[in-house]
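What follows is a set of notes on a single structure, which appears directly below.
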Amino acid sequence: MPEKPVRVRYAPSPTGYPHVGNIRTALFNWLYARHNKGSFIVRIEDTDTARTVDGAVEVIMDSLKWLGMDWDEGPDKPGKYGPYRQSERLEYYQKAAEKLLAQGDAYYCYCSSGRLEEMRSAQIARKEPPGYDRKCRDLSAEERAFARASCPRPVIRFKAPLEGSTSFCDVIRGEVSFENRTIDDFILLKADGYPTYHLASVVDDNAMDISHVMRAEEWISSTPKHVLLYRALGFNAPQFAHLPMILGPDRSKLSKRHGAVSITQYRDDGYLPEAMVNFLALLGWSLDDKTDIINIQTLVENFTLERIGKTAAVFNREKLEWMNGIYIRSLEVSELAKLAMPFLEQELPASVSRPVDEEYVKKVIPLVQERAKTIKEIPSLVYFFFTPDIEYPAELLIGKKMDVKTTLNALEKTLDILKESEEFDHDSLEHRLRPLAEELGLKAGQLFGAVRVAVTGVTVSPPLFETMMVMGRQACLERLEKAVEKLNCPEK
RNA sequence: GCCCCCAUCGUCUAGAGGCCUAGGACAGCGGCCUUUCAAGCCGUCAACAGGGAUUCGAAUUCCCUUGGGGGCACCA
C-alpha cells in the first residue's frame, strides 16, 4: 500500500501575534513535514472578520522565517491548492453548507443571539451543560417562513446525531470517543456568510489533501464534530494528532497575563532562533534520555510522532535562558557582534556617538560572550567601553579591608607603573600589576578591584586585563587619574 | 454542571513488565578553578498522586479515587 504523501499545515488565525504555543505547533508540523519529505502549508484562517488584526499575518510569517521554518505553500506562495486565505475561499464553504442542507444534515437557524444568550445563562443557572436547544431543527415550512420574516440572515447549523457515539483514533492518544448527545448542533455558516472554524478547516483540509492534522490538545473536544462533518461531506478524514498543551507557570493555558508569550517578544528580548527552536522542540518531544542541545538538522532527522508526549508542559523560562547562553557561546564572534549591533544602538546611553563602531564591538564581544544569557543584556555588560565618561561614587573604589589611604596609594602606584611603559597587553599588565599587589601588601583582588572600578565604574566586569587592553592605554590612564582625583577631593 | 484528555524530582523529561537502588537537563545547594562576575568541572538535594487488581515480578497493564488541564460562542 503506497503511503500517502505527508501534507501538514499550520493554520493560524490573524487575531494577534503568535505565541509560543502556536509556534510550537507550527514547529512540530514543520519538523514532521521535513522529516518525511512532505509539504508544509501555511493557511490563514481569517474567518472572524471582527477579530482580525491588521499586520498579524506579516508577523506570523516573520516569526516562522525567524525560526527557520520555510513553507511550501502559503498565501504568498500559491500552489495548486490555493488560495491559502480562508476569506478567499468562501464559495467552498458555501457549497459544502448547501450540500449538507440538501442532504438534511444541516438546517437554518433563526434564533437571535439574544435568545441564545438567555438560553445559555438559564442552562448554566440550572447546572445543565450549555448548548443549543435545537429549536429550529425541525421547523415546518410555515414556521420557517414565519421565522425568516423576522430573521432574514439565518445561520446554518449542523444536525448532530442524537444517539450513538463518535470516535476517532488520535495518533498520540489512541482511541478517543464522545457520546453524540454531548455534541451540539454547532454553527457551520455564520450570518455574515463566513464559515466557522469547524466547517472551514474540514473543507480546506480535505481540499488541500492534508494528511495529518496536528494541533493543540484544546481542539480535541471539537474533533468529533469534524469527524461527523468529514463523514457527512463524504470526505476521508486525515490523521489527527493532538499535541500536549504548553502551560504558564501557574499551569493554566498560556495567555497575555503570563507576560512574554508572543514569540516576537523573545526575539526582541535577545533570544536566538536556534535556542528557541531547540527549547520548543523539547516541550512535548524528546530525542532520547540525555540529549538537550539539538540542532535543527538533527531535529528534522529524528522527529517522529511516536516520541511526542501526552502531558502538558509548563514553559520554563530559566531553562530557555540557559539554553540561549549555550547558543550564544557557540556563535562566531563576528556573528554575535553583528547580532548585538541593533541592541547596542538601541540601549547604549545617548552619550555614545552613533553609529556604534562594529569593529570595536568585535573586540569587546569576546569578553562577554560567555557571560550573556541574552543578546539584549549585552549593552548593560559593556557600556563602559563606549561611554566617554563613567559615573560612580568614590566609595565604590574602596574595597573590602581597604580605606581611602590604601586605595589612593594603590591607584597612584598603578598609574606610575602603567606610565612607565607603552606596553599594554594582557601579559605585561599581569606581570607588572600582580607584583605590585604583593609589594603593597595587598591581595591581588584588593588591588584589581580598585583598578576595576576606576576603569569601568563597576565592581563586576569582564576580566580586568582583557578589559583594559580593549579599552586602551590612554583611556585607562585617564580613568585612573580621575579616580585618584575623586579620592583626593571627595566632593567631586 | 456536563464532556474529554492527562498524571515520574519545583520545572522539562527518559522509562513500552524484570536492565530502576528510577536516568538526564534546568533551577537550588556545596565545592574546585579564580582579580570580580560568568563559563567550566565535580558533588548534592529531589519524583513514580493514592488505593485495589493482574503477575513469580508493575513507574510500566486494568479498575476506582484524587488531582491537574482543556472544551462546552454567529472565537479560533
Side-chain angles (χ1 to χ4, degrees), chain A residues 11-15 45-48 50-51 109 111-113 116-117 120 123-132 153-157 170 172-173 176-179 181-184 186-192 194-198 200-201 215-224 242 244-245 247 249 251-253 279 282-293 306-307 309-323 325 329 368-373 381 399 430 433-434 437 443-453 456 458-465:
Chain A
S13 67
T15 52
E45 312 226 317
D46 53 350
T47 55
D48 186 342
R51 289 204 311 154
C109 171
C111 295
S112 68
S113 36
L116 262 20
E117 237 168 80
R120 247 190 308 273
Q123 285 165 332
I124 289 166
R126 271 179 274 136
K127 301 206 186 254
E128 280 169 24
Y132 183 53
R153 311 200 68 187
V155 302
I156 297 176
R157 286 185 184 271
D170 188 277
I172 294 168
R173 288 152 218 283
V176 180
S177 184
F178 288 78
E179 295 292 325
R181 61 181 166 74
T182 66
I183 300 173
D184 202 15
F186 56 98
I187 290 172
L188 261 14
L189 224 49
K190 304 182 250 185
D192 62 2
Y194 278 70
T196 57
Y197 172 83
H198 306 301
S201 72
R215 74 227 309 186
E217 192 189 338
E218 55 186 315
W219 291 106
I220 210 161
S221 47
S222 41
T223 305
H242 288 95
M245 303 275 296
L247 272 22
R251 298 211 128 264
S252 75
K253 201 172 159 180
F279 179 74
L282 258 19
L283 249 33
W285 181 87
S286 61
L287 176 61
D288 56 30
D289 58 340
K290 48 178 67 80
T291 314
D292 283 299
I293 303 301
E306 292 77 63
R307 292 202 64 84
K310 303 180 207 223
T311 352
V314 171
F315 190 90
N316 178 202
R317 216 183 157 129
E318 274 124 42
K319 189 156 182 173
L320 203 215
E321 271 201 4
W322 162 77
M323 199 173 269
R329 274 170 254 138
V368 291
Q369 184 160 20
E370 67 184 28
R371 289 171 172 75
K373 289 225 192 312
L381 262 22
E430 170 102 46
L433 292 184
R434 203 172 283 278
K443 288 196 168 171
Q446 290 177 299
L447 173 63
F448 299 167
V451 176
R452 165 174 288 111
V453 172
T456 66
V458 289
T459 53
V460 170
S461 82
L464 183 59
F465 303 141

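Residue numbering restarts at 1 for every chain, and letters A, B, ... go by the order of the sequence lines.
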[N] versus [M] - spacing of their [atom1] atoms, nearest Å:
{"N": "B:A27", "M": "B:U13", "atom1": "C1'", "result": "14 Å"}
{"N": "B:U61", "M": "B:A73", "atom1": "C1'", "result": "41 Å"}
{"N": "B:A46", "M": "B:U8", "atom1": "C1'", "result": "12 Å"}
{"N": "B:G68", "M": "B:C29", "atom1": "P", "result": "30 Å"}
{"N": "B:U54", "M": "B:C62", "atom1": "P", "result": "15 Å"}
{"N": "B:A47", "M": "B:G23", "atom1": "C1'", "result": "12 Å"}
{"N": "B:G31", "M": "B:C37", "atom1": "P", "result": "13 Å"}

Identify the heavy atoms of A:Pro244 and A:Arg173 that sit nearest to each other, and give their distance.
->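 Answer, listing the atom of A:Pro244 first, then A:Arg173: N-NH2, 3.6 Å.
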Whole-Å distance between [N] [atom2] and [X] [atom1]?
{"X": "A:Gln446", "N": "B:U36", "atom1": "CD", "atom2": "P", "value": "12 Å"}
{"X": "A:Glu306", "N": "B:A14", "atom1": "CD", "atom2": "P", "value": "13 Å"}
{"X": "A:Glu128", "N": "B:G1", "atom1": "CD", "atom2": "C1'", "value": "9 Å"}
{"X": "A:Tyr132", "N": "B:C2", "atom1": "OH", "atom2": "P", "value": "25 Å"}
{"X": "A:Asp170", "N": "B:C4", "atom1": "CG", "atom2": "C1'", "value": "12 Å"}
{"X": "A:Phe186", "N": "B:C3", "atom1": "CZ", "atom2": "C1'", "value": "16 Å"}
{"X": "A:Leu247", "N": "B:G10", "atom1": "CG", "atom2": "P", "value": "17 Å"}
{"X": "A:Lys310", "N": "B:C5", "atom1": "NZ", "atom2": "C1'", "value": "10 Å"}

Which sits closer to the 5' end of RNA chain B, A:Ala312 or A:Arg329, going by the nucleotide each is nearest to?
->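 Per heavy-atom nearest nucleotide, the more 5' residue is A:Ala312.
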[X] (side chain) donor-acceptor with [Y] (main chain) under 3.5 angstrom:
{"X": "A:Asp170", "Y": "A:His242", "answer": "yes"}
{"X": "A:Lys190", "Y": "A:Thr47", "answer": "yes"}
{"X": "A:Arg307", "Y": "A:Ser286", "answer": "yes"}
{"X": "A:Arg153", "Y": "A:Ala191", "answer": "yes"}

Summary of protein contacts for nucleotides 16-31 of chain B, nucleotide by nucleotide, where a base hit scores B, a sugar-phosphate-only hit scores S (4.0 Å, heavy atoms) = -------BBBS-----
Which parts of nucleotides 71-76 of chain B does protein reach within less than 4.0 Å, heavy atoms only, written one letter per nucleotide 5' to 3' as B for base, S for sugar-phosphate only and - for none?
-> SBSBBB
Could you check which nucleotide pairs with [N] in any of the strands shown, counting Watson-Crick or G-U wobble with both distances under 3.5 Å?
{"N": "B:A25", "result": "B:U11"}
{"N": "B:C72", "result": "B:G1"}
{"N": "B:U61", "result": "B:A53"}
{"N": "B:C19", "result": "none"}
{"N": "B:G30", "result": "B:C42"}

How would you label the contact of [X] with the nucleic acid (heavy atoms, under 4.0 Å): base, sugar-phosphate, or nothing?
{"X": "A:Pro463", "answer": "base"}
{"X": "A:Thr182", "answer": "sugar-phosphate"}
{"X": "A:Gly309", "answer": "nothing"}
{"X": "A:Arg126", "answer": "nothing"}
{"X": "A:Phe465", "answer": "base"}
{"X": "A:Val176", "answer": "sugar-phosphate"}
{"X": "A:Pro462", "answer": "base"}
{"X": "A:Leu464", "answer": "base"}
{"X": "A:Ser252", "answer": "sugar-phosphate"}

Got a donor-acceptor pair under 3.5 Å from the side chain of A:Arg173 to the base of B:C5?
->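 Absent.
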Matching residue for A:Ile156 among A:Thr196, A:Leu189, A:Ile187 - test: side-chain contact (heavy atoms from CB on, under 4.5 Å) =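 Among A:Thr196, A:Leu189, A:Ile187, the one meeting side-chain contact (heavy atoms from CB on, under 4.5 Å) with A:Ile156 is A:Leu189.
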[X] side-chain proximity, nearest of [options]:
{"X": "A:Arg251", "options": "B:U8, B:G68, B:C37", "result": "B:G68"}
{"X": "A:Arg434", "options": "B:A38, B:U35, B:A14", "result": "B:U35"}
{"X": "A:Glu217", "options": "B:C3, B:U36, B:C5", "result": "B:C5"}
{"X": "A:Glu370", "options": "B:C4, B:A14, B:A38", "result": "B:A38"}

With under 30° as parallel and over 60° as perpendicular, where do the rings of A:Tyr197 and A:Trp219 fit, or are they tilted in between?
->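 Rings of A:Tyr197 and A:Trp219: parallel, as their planes differ by under 30°.
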With sequence neighbours left out, write down each residue that passes side-chain contact (heavy atoms from CB on, under 4.5 Å) with A:Val314, or none if nothing qualifies.
->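 side-chain contact (heavy atoms from CB on, under 4.5 Å) check on A:Val314 returns A:Leu247, A:Arg251.
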For the pair A:Trp322 and A:Phe279, evaluate side chain to side chain contact (heavy atoms under 4.5 Å, CB included) and give the outcome as yes or no after the intermediate values.
-> CA-CA 10 Å; A:Trp322 162 77; A:Phe279 179 74; over 6 Å; no
Any side-chain N or O of A:Arg317 under 4.0 Å from OP1/OP2 of B:C12?
->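 The answer is no; no side-chain N or O of A:Arg317 sits under 4.0 Å from OP1 or OP2.
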